[in-house]
Amino acid sequence: QVQLVESGGGLVQSGGSLRLSCVASGSISSINRMGWYRQAPGNERELVAASTSGISTNYKDSVKGRFTISRDNAKNTVYLQMNSLRPEDTAVYYCNADIKISQAMGAPVYRYWGQGTQVTVSS
């Protein structure tokens, strides 16, 4: 099986910083896209940042210039550095990875999710 394990969430004051980490493990052939999503109470889950190896990164408009996504591909790990945090950033943050578990031609790509980690930003 494939498992994504997140860490780094917590409580921080406005203007502070947090660094989230997510490690993918298990039966992994390859990982292409990895990303971070978030969901606040009463709201839909939304994309925060995503990274496709060797191609591109993209961010939600409201976090551009404040958040940075990065990857350590040798360790199947993705990070989200969050600076200048605001109360509106408060949410549960979820790690995502699109993973092939087989090297066979035409094998499907599955999207896996972590359990989520709470980020709370106080005034």
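Worth saying up front: this structure is predicted, and the values here are computed from it rather than measured.
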Inset, instruction - Without swapping roles, check the side chain of Ser51 against the backbone of Thr57 for a donor-acceptor pair under 3.5 Å. - result: no

Inset, instruction - Check whether any side-chain N or O of Arg19 sits under 3.5 Å from a backbone N or O of Gln81 as a donor-acceptor pair, and report yes or no. - result: no

Legend entry - Whether over 12 other heavy atoms sit under 6.0 Å from Glu88 CD: yes

Legend entry - Exercise: do Asn83 and Ser17 side chains pair donor with acceptor under 3.5 Å: yes

Inset, instruction - Find the distance between CG (Asn58) and OG1 (Thr52) and round it off to the nearest 0.5 Å. - result: 7.0 Å

Legend entry - Interatomic distance, Leu18 atom CG to Leu80 atom CG [nearest 0.5 angstrom]: 9.5 Å

Inset, instruction - Indicate whether any N or O donor in one side chain lies under 3.5 Å from an N or O acceptor in the other, for Ser53 and Arg71. - result: yes

Legend entry - Cluster overlap Leu20 with Val5, hydrophobic side-chain contacts below 4.5 Å: no

Legend entry - Spatial distance of atom CD1 (Ile28) from atom CG (Asn76) [nearest 0.5 Å]: 4.5 Å

Inset, instruction - Spell out, yes or no, whether Val2 and Val78 are grouped together once hydrophobic residues are joined by side-chain heavy atoms under 4.5 Å, including indirect joins. - result: yes

Inset, instruction - Decide whether Phe67 and Val12 are clustered together by the hydrophobic rule: side chain heavy atoms of Ile, Leu, Val, Met, Phe, Trp, Tyr closer than 4.5 Å, transitively. - result: yes

Inset, instruction - Identify the two heavy atoms, one from Arg33 and one from Ala50, that lie closest to each other, and give their separation to 0.1 Å. - result: NH2-CB, 3.5 Å

Inset, instruction - Could you tell me whether Lys64 and Asp61 have a side-chain N and a carboxylate O separated by less than 4.0 Å? - result: yes

Inset, instruction - Linking directly or through intermediates, with side-chain heavy atoms under 4.5 Å: list the remaining ILVMFWY members grouped with Leu47, chain and number order. - result: Tyr37, Val92, Tyr94, Trp113

Legend entry - Among Glu44, Glu46, Glu6, the one residue meeting salt bridge (charged side-chain N to carboxylate O under 4.0 Å, His left out) with Arg38: Glu46

Legend entry - Derivation of the side chain to side chain contact (heavy atoms under 4.5 Å, CB included) call for Val48 and Met82: CA-CA 11 Å; Val48 178; Met82 303 185 293; over 6 Å; no

Legend entry - Heavy-atom closest contact (Asp89 atom, Ser84 atom, distance): OD2-O, 4.5 Å

Inset, instruction - Report yes or no: does Ser14 contribute a side-chain atom to a donor-acceptor pair with the main-chain N or O of Ser122 at less than 3.5 Å? - result: yes

Inset, instruction - Hey, could you give me the OG/NZ distance between Ser30 and Lys100, rounded to the nearest 0.5 Å? - result: 5.5 Å

Legend entry - Gap between atom CD1 of Ile31 and atom CD1 of Ile101 - 0.5 Å precision: 12.5 Å

Legend entry - Set of side-chain hydrogen bond (donor to acceptor under 3.5 Å, both in side chains) partners for Lys75, sequence neighbours left out: none

Legend entry - Over all atoms of both residues, closest heavy-atom pair of Ala107 and Ser102: CB-O, 3.8 Å

Legend entry - Gln115 CD: over 12 foreign heavy atoms closer than 6.0 Å: no

Legend entry - Same apolar cluster (I L V M F W Y, side chains within < 4.5 Å links), Tyr59/Val121: yes

Inset, instruction - Of all the heavy-atom pairs spanning Ala91 and Ala40, show the shortest one and how long it is. - result: CB-N, 3.9 Å

Legend entry - In one Ile/Leu/Val/Met/Phe/Trp/Tyr side-chain cluster, 4.5 Å: Ile69, Tyr79: no

